[in-house]
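In what follows, a single structure is set out as structure tokens and then discussed.
FYI, the numbering just counts along the sequence from 1. Source: prediction; values computed, not measured.
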Amino acid sequence: MSGRDGAEEGAGAPKSSPAESGGDSERTAVFRAVTPPAPAATPPAKDSASTGRPGAAGSGAGSAAADSERTAVFRAVKPPVAPAGDAGATGRAAPPKASTFVPLRTDGAPAPAVTPKPAPKPAPTPAYESPERTTQQPLPPKPPLDMLADLTNNPPPPPSPLRTAVRRFKIYAPVVVLLAIVLSAAQLVRPLPEPTLVMTAKSSYTFEGAKPQLPWPSEGQAYMAAAGLGPLGQSGEQKPVPIASVTKSMTAYIILRDHPIKKGEKGAVIDVDKTAESEGRKNNSTDNESTLDTVKEGDKLTEYDAIAALMIPSANNIARLLARWDSGSQEAFVKKMNDTAKDLGMKNTTYTDPSGLDATTVSTAEDQVKLGLKLVEIETLLEITKRPSWQDPSGKVWRNWNGLVPFNESLGIKTGTTTKAGGNLLFAAYKDVGKTRQLVVGAVLGQHKPPIIDSVLAASKQLMTATQKSLNGAPVVQKGDVVGYVDDGLGGRTPVVATADVQAVGWGALTVGIELAQGDGSKIPQTAKAGTEIGVLTVGEGASQVKVPVALKSDLASPGIGSKLTRVG
């Protein structure tokens, strides 16, 4: 060691000891800021002899420590500088040494010796804290070309209408093409609408000429109608009057409605009770009732024979027997008669017994025609009423009081005569017009000119004959005429034609309806060959209806791609 070094030591000048350096390092460690290694050490300071200032080196070291302590808050702390002697010997900065905290000494007192402490553990890393929120709103996204210019550091070209249009086309054209493809695919796979049948022919036809003038009776009241065509007219005031045995028409209707007889059969079997037998003996000059006097208690009548006894010899005792058999009592059956009259629209009719013997059973000619139009729909009943006579189970033959049968296709139905009611008749008849068998129904009430049965038969015969003559046919549609078309729902129309001549039945000034409908409720196919029957043309209503099939005039083809793509709804 040189004298200079010894002099510096002997001077007792304070040096930057490891303890002091360690103190600086420990105080700044909380910031965990590290600076790169210090440059080469400064040449050793001059000794006190040369400077003339004792303790200069120590002062310098203390000043450096103070500076380090003051600036550690603002910048990274430099590593401790090696002693001057070491730097002078090696020319390089000494490696950093472990630092130890040394408390400050008092003025003029030597620094106490302390035992070096182990290096402190590194402070834990503080937990992550979310960034401070800001109220600044984000900027809207830039257009794609501007973003591309930012990425390439090339400014976007100056805007112009042409560049704007081109840019928008490039952006939206792919979207439009994609949407067009999706919509086209959806249109092609959508189910096709159901084809419908549309009529182009007139919906009605009116017969030429004036309405017919019928020979109405001079007294009482009358009413005339054709099944499916409507009324031809009426005479007299339609007010309720006694109808006598015409009442049995309602009794027969209810029995056959609720207990129908199959064609070729006789129906149910009815036991004859004691009351029916005793009432049958009223067929005498004292009681003057129409009865079937050949039945005995314990006998059995088929439903067919019971209806025949009711409608041909007009047996009152059988009318009451049927009422008891059907409803358990005559009162319950009478209630059913009035309920049925109400259902048929017979507003001026009141029934008080099932036979019509009571004068309190009243009706009008119009109401009885409404009932007659329902009766002609029952084949079993007409099969009985059109017979001129009937033989009962005992073998006795009974004549039909309706003298119109079998004149001029008359179907009879029911007579009714009493002193108070006069002569009354509900009748029906056929009239063949072309291929149509037309039914007419009429009623004549209140004929009091004696003999009353002959008076009512004569008046009814004239009315029936005149009505039959007034009926005629008229061609409405010819075979091959286009009467409509099939609409496929997408604009396609395939015409349909009548397969035969269509003739309407009616009289002068009458208007009949014409309808076109699918046959048997079946669906119209999407494709079909020409000539395929797909509907029915109907003229008139009820028994007067004329029906003719309609067929395709040309092939029915499925809608094309263009129609599928352009359809709406």
- Task: Would you check if Y223 and V444 make a side-chain contact, meaning some heavy-atom pair closer than 4.5 Å?
- Result: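 In short, these two side chains do not touch, never coming nearer than 4.5 Å.
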- Task: State, with a plain yes or no, whether a side-chain heavy atom of T360 is found less than 4.5 Å away from one of Y351.
- Result: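 They are not in contact (no side-chain heavy atoms under 4.5 Å apart), so the answer is no.
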Considering residues, nucleotides and ligands other than [X], do more than 12 of their heavy atoms fall under 6.0 Å from its [atom1]?
X    : atom1 : answer
K336 : NZ    : yes
E379 : CD    : no
E265 : CD    : yes
R257 : CZ    : yes
E515 : CD    : no

To the nearest 0.5 Å, what is the distance between [atom1] ([X]) and [atom2] ([Y])?
X    : Y    : atom1 : atom2 : result
S290 : W401 : OG    : CH2   : 6.5 Å
Q545 : T538 : CD    : OG1   : 5.5 Å
L375 : Y253 : CG    : OH    : 7.5 Å
I452 : T419 : CD1   : OG1   : 6.0 Å

- Message: Hydrogens and angles aside, do D392 and T294 bring a side-chain donor and acceptor to less than 3.5 Å of each other?
- Response: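 Yes, a side-chain donor-acceptor pair sits under 3.5 Å.
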- Do any N or O atoms from the side chain of N400 and from the backbone of R387 form a donor-acceptor pair under 3.5 angstrom?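 Here the side-chain-to-backbone pair exists.
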- Query: Going through the distances and angles, do D432 and E409 end up as a side chain to side chain contact (heavy atoms under 4.5 Å, CB included)?
  - Reply: CA-CA 10 Å; D432 292 330; E409 304 237 26; 3.8 Å; yes
- Item | Cation-pi check, K461 onto F407 ring (under 6.0 Å, within 45° of axis) |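 So K461 does make the cation-pi contact.
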